[in-house]
Chemist: 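Would you mind keeping the following structure in view while I ask a few things?
A, B, ... follow the sequence lines: proteins, then strands. Residue 1 opens every chain.
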Amino acid sequence: MRMTSLLVQTLRDDPAEAELVSHKLLLRAGYVRRVGPGVYSWLPLGLAVLRRVEDIIREEMTSIGAQEVLLPAMIPREIFERSGRWADYGDALFRLKDRRGVDYLLGPTHEELFTLMVKGECSSYKDFPLSLFQIQTKFRDEARPRAGVLRGREFLMKDSYSFDVDDDGLERSYRAHRDAYERIFRRLGLDYRIVSAVSGAMGGSASEEFIAPADGGEDTFVACSNCDYAANAEAVELAVVMSSDVDHPPSVVIDTPDTPTISTLVERLASLGFDRTFSAADTLKNVVVKTRPPGTDSWSLLVVGVPGDREVDMKRLGAQLEPTEVAPAEGADLEAVRGLVRGYIGPQLLAALGVRYLVDPLVTEGSSWVTGANEPGRHAIDVVRGRDFRPDGEIGAVEVRDGDRCVRCGGLLRIARGIELGHVFQLGRKYARAFGLDVTGPDGRPLTVTMGSYGIGVSRAVAAIAEQTADSSGLRWPPSVAPADVHLVVTGKGDEPYERAEALAAQLQELGLRVLFDDRVGPSAGVKFADSELLGIPVVVIAGRGLAQGTIEVRERWSGTRTDVALGEASRRIAEIVAGRPAVSGAVSG
RNA sequence: CGGGCGGUGGCGCAGUUUGGUAGCGCACCAGACUGGGGGUCUGGGGGUCGCGGGUUCAAGUCCCGCCCGCCCGACCA
C-alpha cells in the first residue's frame, strides 16, 4: 500500500459527532466514515482491520469444528411469526415490504433460519453434534445508535449455533465455544472479563457475556475485588447479612402525617422522640409494578419490597421475570385495588388484598422494618418478616452499589463499565420446538434437539480494540489485527531517500511483510510522523536523516522504543521485530 | 419517547443579538522556499447558509411550519 494512492485522508480536528476516543480516532485516521445515524462505511485501512478480526474468529471457530455458512439478511415475515419474534422484537426490528406488499425483515440474529436449515438437512441423531456459524451484517433499529461503529444500526456479527441431542452435548458445545471465545479475545489483544448474564435461578453457566472493561462502554458490570465472581449488573447476586435472632417488640402503628416518601418519613421519625434513630435503611419500601405474562393482554400488580435506602433496578427485575413483561405501575393501576394507599403501602395487608408480594433477599427472614400501615399518614414500626408478614417469595430487585458484598466470598464488589464483546448462551429447545426440529434417536423415537447461541460483535470488536489500546497520539493496533506490519516513512529532500526506501519496501514485501509505504513528497517529516502515530501500525520504519550514516530508524508504536539499524541488515532486523524477536546485537536505543 | 444543544464549502467553526457584496482554520490545486515533529509565503478552486412558506427595496440573520443530527435519559440478543 502506498500513501500516494491509498484512499485515506487523515483529519487534524476531531469530528463534532464523536465523543469516544475510538470513534474520534477511527474517523480521524480515515478508517471509517459515517453515512447516516448508526450506519458506517469502511475504508481500506478500516476494512483491513475488520478482515483480520474476522479471520481470527473464523480460524478459532473452525478449530472447534464449527462450519461456516451464509444465510440471508432479508427474511420473510412468516419465519419470524413462527418464533413469535415478529411481534416480540418490537421497534428494534427493521421491517420492509416487497413490491407486492409482502412483509420482510432484516435479521437482527438468526436463530430461526439456522434452526430451519438444520431441520431441512438433518434427520438422525448421528448428524449431531453440529455447530454452524456465519459472519454477516445484522440490522437493529436502535433507538439511539451511538459511538460510531461501537453501536450501529447495521453491524457485522459472527453468530454461531450449536445443535445437540442431549443436555450433556449442549454443555460440551457451550464449553467449546466459551474456550474458543477466550482464545479469540486473547488473540485480538483485548482485556476482557467473563460475566454471568442470567441470574442463578436460571442455572449457573447458562449465559455469560464477554465484556471489555472501558470507561466509555455502555454496559455496567460488577466484579468482586477478592475472588473471580463477576456479573452483569442485571444478573448480579448479592450476599445477604442474616439478621440476628433477637426478639423484636410487637409492631405498633404510629401517626406520620405527610410522609409519602422515604426521606420525609425518616425526617418525621427523627422528630417523634424515639429512644432509637431510624435511617432510610431501616425502612421497607414497597414499590408497585405491573407484570404481563407473554402472550396475554392483562396486567397484574406485583409489589416488590426493598430496603428504603435502595432503588429498584427495573432492568434487573425484568431480567429475572423474563419472559414476563414488567412496567412501573401508574396511579390508575393502584386505584384499581381498594386498600392500596399510595405512599403508605405495607406488606401486612397484601396477602389479604390478593396482591403478589416479593422481597429482595436483603429483606431477610426475621428482619424488622418501618413500613407503611396501609392508611394515609400512618406507618408501622417493628414490622418483622415471618412474624408480621410473609412474602410470596424473593427476587433480587435492588440496584447494586459499589461496595456491596460478593455472594461467593463476601468481598467488596466493584462496579465498572465495559463493552459487550460477545455472549454465549444455552438456548435450549425453544426454537427447536417452535420449528419442530425433531430427529430420530438411537431407539427410533423422535428427539428434540437442544441449541446454544453464541455471538461476537465483529465491527464492535474493532472499536473496542481501538478504545482499549489507543494513546494520546493515536491508534495503536495489536500486531494481530493491524492493517499492515510495517509503516515505512521517507523523509528528506531529493530522490535518494525515496529510492532507498523503495528498495527497502520491496525487500520487506519479499519477506512476506505487509508494508504501508508513506511515499508522499509534499508533507514534512512532522506531518508524516504524526500520521504514522495516528494510523497506529505497530512498527514504523523511517528512512531519512540516518541514511547519511547508512542507518534507518525503527520505532515500535506499542512500546515507543526507537532503534537505529544498519541499512544492510534492515529488512532482516525489521522482520525479526515484526515477528516479536528483536535482535539485541548492535542496537542503539534512544 | 422526554430533556439539552445544534444544522453555514470535504472537516472544524465564526457570522444571527442590531437585515445590507458569505468569512476563518484545516484539507484540496498551482508555484516558490523549507526539509526529523502537523513549517512559511504567493496565487487559486470549491457554498441551493437543513427544507418550505412569509415579512422586506434587501433575509444566513426577522416570523410561521417542517425535517434532520449530536449529547443525556428511557429503551436495547
Side-chain angles (χ1 to χ4, degrees), chain A residues 7-20 23-24 27-28 30 33-39 83 85 88-93 107-112 138-148 151-153 155 157-161 197-198 207-210 216 218-219 232 234 314-315 318-319 322-323 325-328 420-427 430-431 452-457 460 473-474 489-494 496-498 518 520-534 540 542-548 551-553 555 562 564 590:
Chain A
L7 182 68
V8 65
Q9 176 66 58
T10 59
L11 307 175
R12 192 184 298 206
D13 300 315
D14 285 333
E17 75 196 64
E19 206 77 357
L20 284 191
H23 191 193
K24 287 179 184 170
L27 286 167
R28 280 189 51 208
R33 290 288 182 246
R34 178 178 170 280
V35 171
V39 183
S83 64
R85 289 166 96 198
D88 293 349
Y89 220 93
D91 291 338
L93 197 60
T109 62
H110 282 71
E111 282 80 1
E112 288 86 351
K138 303 290 188 213
F139 300 86
R140 289 183 203 172
D141 190 357
E142 299 281 355
R144 192 157 81 80
R146 55 180 293 268
R151 175 171 172 158
R153 295 195 296 168
F155 57 96
M157 177 168 166
K158 186 288 300 179
D159 53 328
S160 40
Y161 304 87
V198 167
S207 174
E208 290 167 295
E209 286 174 2
F210 288 72
E218 55 183 350
D219 268 37
N232 188 305
E234 60 198 46
M314 289 300 289
K315 281 186 180 176
E322 234 168 45
E325 255 182 284
V326 198
E420 182 184 346
L421 297 167
H423 193 173
V424 289
F425 180 38
Q426 296 190 12
L427 247 188
K430 176 182 172 185
Y431 289 89
S453 152
Y454 319 91
I456 293 179
R460 172 179 285 186
S473 42
V489 171
V490 207
T491 68
K493 298 168 73 157
E496 200 204 326
Y498 288 83
D518 190 347
R520 294 174 297 173
V521 177
S524 68
V527 171
K528 290 184 164 189
F529 295 159
D531 275 348
S532 77
E533 279 148 19
L534 180 58
V540 180
I542 298 153
R545 193 164 65 177
L547 289 174
T551 64
I552 51 110
E553 181 182 332
R555 292 183 186 177
R562 301 181 177 193
D564 287 327

Chemist: Looking only at N and O atoms, is any donor in the side chain of A:Glu533 or the base of B:G37 less than 3.5 Å from an acceptor on the other one?
Modeler: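 Answer is yes: a donor-acceptor pair is held.
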Chemist: Taking the side chain of A:Ala143 as heavy atoms from C-beta outward, which of B:C71, B:G37, B:A74 is closest to it?
Modeler: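 Minimum distance to the A:Ala143 side chain belongs to B:A74.
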Chemist: When only distance counts, do a donor and an acceptor, one from the side chain of A:Thr491 and one from the base of B:G35, lie under 3.5 Å apart?
Modeler: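 In this structure, the two groups form no donor-acceptor pair.
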Chemist: What integer number of Å spans the P atoms of B:C26 and B:U61?
Modeler: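 That atom pair is separated by 29 Å.
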Chemist: Nearest to the side chain of A:Ile542, heavy atoms from C-beta on, is which of B:G36, B:C70, B:C72?
Modeler: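 In terms of side-chain proximity for A:Ile542, the closest of B:G36, B:C70, B:C72 is B:G36.
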Chemist: Provide the Watson-Crick or G-U wobble partner of B:C62, both distances under 3.5 Å; none if there is no partner.
Modeler: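 With both distances under 3.5 Å, B:C62 matches B:G54.
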Chemist: Output the rounded distance in Å from NZ (A:Lys493) to P (B:C33).
Modeler: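 A:Lys493 atom NZ is separated from B:C33 atom P by 8 Å.
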Chemist: Quickly work out the A:Arg520 CZ to B:A27 C1' distance and round it to whole Å.
Modeler: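 It is 12 Å, rounded to the nearest whole Å.
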Chemist: Which heavy-atom pair separates A:Val489 from A:Ser532 by the least distance, and what is that distance?
Modeler: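 Of all heavy-atom pairs spanning A:Val489 and A:Ser532, the closest is CG2-CB, 4.4 Å.
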Chemist: Indicate, with a heavy-atom threshold strictly under 4.0 Å, whether A:Gly544 touches base, sugar-phosphate, or nothing.
Modeler: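 A:Gly544: base contact, heavy atoms under 4.0 Å.
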Chemist: Write down the atom of A:Ala147, the atom of A:Leu20, and the distance for their closest heavy-atom approach.
Modeler: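 That would be CB-CD1, 3.6 Å.
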Chemist: Rounded to the Å, how far apart are A:Lys138 NZ and B:C76 C1'?
Modeler: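 To the nearest whole Å, that distance equals 17 Å.
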Chemist: Paired with B:G12: which nucleotide, if any, by Watson-Crick or G-U wobble criteria at under 3.5 Å for both distances?
Modeler: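 Pairing partner, where one exists within any strand: B:C24.
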Chemist: Of all the nucleotides listed (B:C70, B:G35, B:C11), which has the minimum atom distance to the side chain of A:Leu11?
Modeler: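 Ranking B:C70, B:G35, B:C11 by closest atom to the A:Leu11 side chain puts B:C11 first.
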Chemist: Please evaluate the base of B:G12 for a donor-acceptor partner in the side chain of A:Asp14 within a cut-off of under 3.5 Å?
Modeler: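 Absent.
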Chemist: Can you tell me which nucleotide in B:A74, B:A27, B:G39 comes closest to the side chain of A:Ser524?
Modeler: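 The answer is B:G39.
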Chemist: Kindly indicate whether the side chain of A:Arg85, heavy atoms from C-beta on, has any atom under 4.5 Å from the side chain of A:Glu111.
Modeler: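 Counting from C-beta outward, A:Arg85 and A:Glu111 do come under 4.5 Å.
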Chemist: If you assign A:Glu209 and A:Ala18 each to the RNA chain B nucleotide with the nearest heavy atom, which residue ends up on the more 5' nucleotide?
Modeler: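 On the 5' side of the pair lies A:Ala18.
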Chemist: Under 4.0 Å from OP1 or OP2 of B:G25: is there any side-chain N or O of A:Arg12 that close?
Modeler: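 Checking A:Arg12 against B:G25: no side-chain N or O falls below 4.0 Å of OP1 or OP2.
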Chemist: Nearest nucleotide by nearest heavy atom, which residue falls closer to the 5' end of RNA chain B, A:Gly526 or A:His23?
Modeler: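 Its nearest nucleotide being more 5', the pick is A:Gly526.
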Chemist: Which pair of heavy atoms, one from A:Arg153 and one from A:Pro37, lies closest together, and at what distance?
Modeler: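 Closest approach of A:Arg153 to A:Pro37: NE-O, 3.0 Å.
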Chemist: Given B:A27, B:A74, B:C76, identify the nucleotide with an atom nearest to the side chain of A:Gln9.
Modeler: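 Nearest nucleotide to the side chain: B:A27.
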Chemist: By the 4.0 Å heavy-atom rule, please label A:Glu17 as base, sugar-phosphate, or nothing.
Modeler: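 Counting heavy atoms under 4.0 Å across all strands, the contact made by A:Glu17 is with sugar-phosphate only.
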Chemist: CZ of A:Arg144 versus P of B:G3: gap in Å, rounded?
Modeler: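 The distance from CZ of A:Arg144 to P of B:G3 comes to 15 Å, rounded to the nearest Å.
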Chemist: Would you kindly give the CG-to-P distance between A:Asp531 and B:G38, to the nearest whole Å?
Modeler: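 The answer, rounded to whole Å, is 13 Å.
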Chemist: Now, which nucleotide makes the Watson-Crick or G-U wobble pair with B:C41, with each of the two distances under 3.5 Å?
Modeler: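 In the structure as shown, B:C41 has B:G31 as its Watson-Crick or wobble partner.
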Chemist: For A:Asp13 and B:C28, what is the distance between atoms CG and P respectively, to the nearest whole Å?
Modeler: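 Value for this atom pair: 13 Å.
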Chemist: Atom NZ of A:Lys24 and atom P of B:C11: how far apart are they, to the nearest Å?
Modeler: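 Distance, rounded to whole Å: 18 Å.
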Chemist: Between A:Arg28 and A:Asp14, is there a side-chain heavy-atom distance shorter than 4.5 Å?
Modeler: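 Answer yes - side chains close enough.
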Chemist: Within the structure shown, what part of the strands sits under 4.0 Å from A:Gly546 by heavy-atom distance: base, sugar-phosphate, or nothing?
Modeler: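 Base contact.
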Chemist: Between the base of B:G69 and the side chain of A:Arg146, is there a donor-acceptor distance below 3.5 Å?
Modeler: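 Such a pair does not exist between side chain and base.
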Chemist: May I ask you to say what A:Val521 touches in the nucleic acid, namely base, sugar-phosphate or nothing, with a heavy-atom cut-off under 4.0 Å?
Modeler: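 Base, at least one base atom sits under 4.0 Å.
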Chemist: Could you go through A:Glu420 and A:Arg460, starting from their C-alpha distance and side-chain angles, then the distance that decides it, and tell me whether this counts as side-chain contact (heavy atoms from CB on, under 4.5 Å)?
Modeler: CA-CA 9 Å; A:Glu420 182 184 346; A:Arg460 172 179 285 186; 3.8 Å; yes
Chemist: Heavy atoms from C-beta onward define the side chain here; which of B:G12, B:C70, B:G37 lies closest to that of A:Ala16?
Modeler: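 Nucleotide nearest to A:Ala16's side chain: B:G12.
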Chemist: Using purine N1 to pyrimidine N3 plus N6-O4 or O6-N4 for Watson-Crick, or N1-O2 and O6-N3 for G-U wobble, each under 3.5 Å, what pairs with B:G6?
Modeler: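 Answer to the pairing question: B:C68, which forms a Watson-Crick or G-U pair with B:G6.
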Chemist: Please tell me if the side chains of A:Ser453 and A:Asp159 come closer than 4.5 Å, counting only heavy atoms from C-beta onward.
Modeler: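 No, every pair of side-chain atoms sits at 4.5 Å or beyond.
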Chemist: When rounded to the nearest Å, what value does the distance between P atoms of B:C28 and B:U18 take?
Modeler: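 About 41 Å, rounded to a whole number of Å.
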Chemist: Quick one: look up who B:C1 pairs with, Watson-Crick or G-U, both distances under 3.5 Å, and put none if it's unpaired.
Modeler: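 Pairing partner: B:G73.
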Chemist: Using the P atom as the reference point in each nucleotide, state the distance between B:A32 and B:C71 in Å, no decimals.
Modeler: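 Approximately 46 Å lies between the P atom of B:A32 and that of B:C71.
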Chemist: For a quick test of reading the model: is some side-chain N or O of A:Arg151 closer than 4.0 Å to OP1 or OP2 of B:C76?
Modeler: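 Checking B:C76 against A:Arg151, no side-chain N or O comes under 4.0 Å of OP1 or OP2.
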Chemist: Considering only side-chain heavy atoms of A:Arg562, which listed nucleotide, B:G38, B:G37, B:C71, is closest?
Modeler: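 My answer, after comparing the listed nucleotides, is B:G37.
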Chemist: Between B:U42 and B:G25, how far apart are the P atoms? Round to whole Å, please.
Modeler: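 Comparing P positions in B:G25 and B:U42 gives a spacing of 11 Å.
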Chemist: If the P atom of B:G38 is compared with that of B:C70, how far apart are they to the nearest Å?
Modeler: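 Their P atoms lie roughly 34 Å apart.
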Chemist: Counting heavy atoms from C-beta on, name the nucleotide in B:G39, B:G36, B:G12 closest to the side chain of A:Glu553.
Modeler: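 Of B:G39, B:G36, B:G12, B:G36 is nearest to the side chain of A:Glu553.
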Chemist: Under 4.0 Å, counting only non-hydrogen atoms across every strand here, what does A:Arg28 touch: a base, just sugar-phosphate, or nothing?
Modeler: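 It contacts base atoms.
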Chemist: Do the side chains of A:His110 and A:Lys138 get nearer than 4.5 Å, heavy atoms only?
Modeler: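 The answer is yes, as the side chains (C-beta and beyond) meet within the 4.5 Å cut-off.
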Chemist: Rounding to an integer number of Å, can you tell me how far A:Asp91 CG sits from B:C76 P?
Modeler: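 Checked: the CG to P distance equals 11 Å.
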Chemist: I need the minimum non-hydrogen distance between A:Pro15 and A:Lys24, along with the two atoms involved.
Modeler: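 Reported closest heavy-atom pair: CD-O, 4.4 Å.
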Chemist: Can you tell me how far C1' in B:G15 sits from the matching atom in B:C49, rounded to whole Å?
Modeler: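 Roughly 11 Å separates the two C1' atoms.
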Chemist: Say we look at B:G54 and B:A59: how far apart would their P atoms be, to the nearest angstrom?
Modeler: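 The answer is 12 Å between these two P atoms.
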Chemist: Sticking with atom P, work out how far B:C51 lies from B:C67, rounded to a whole angstrom.
Modeler: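 Comparing P positions in B:C51 and B:C67 gives a spacing of 15 Å.
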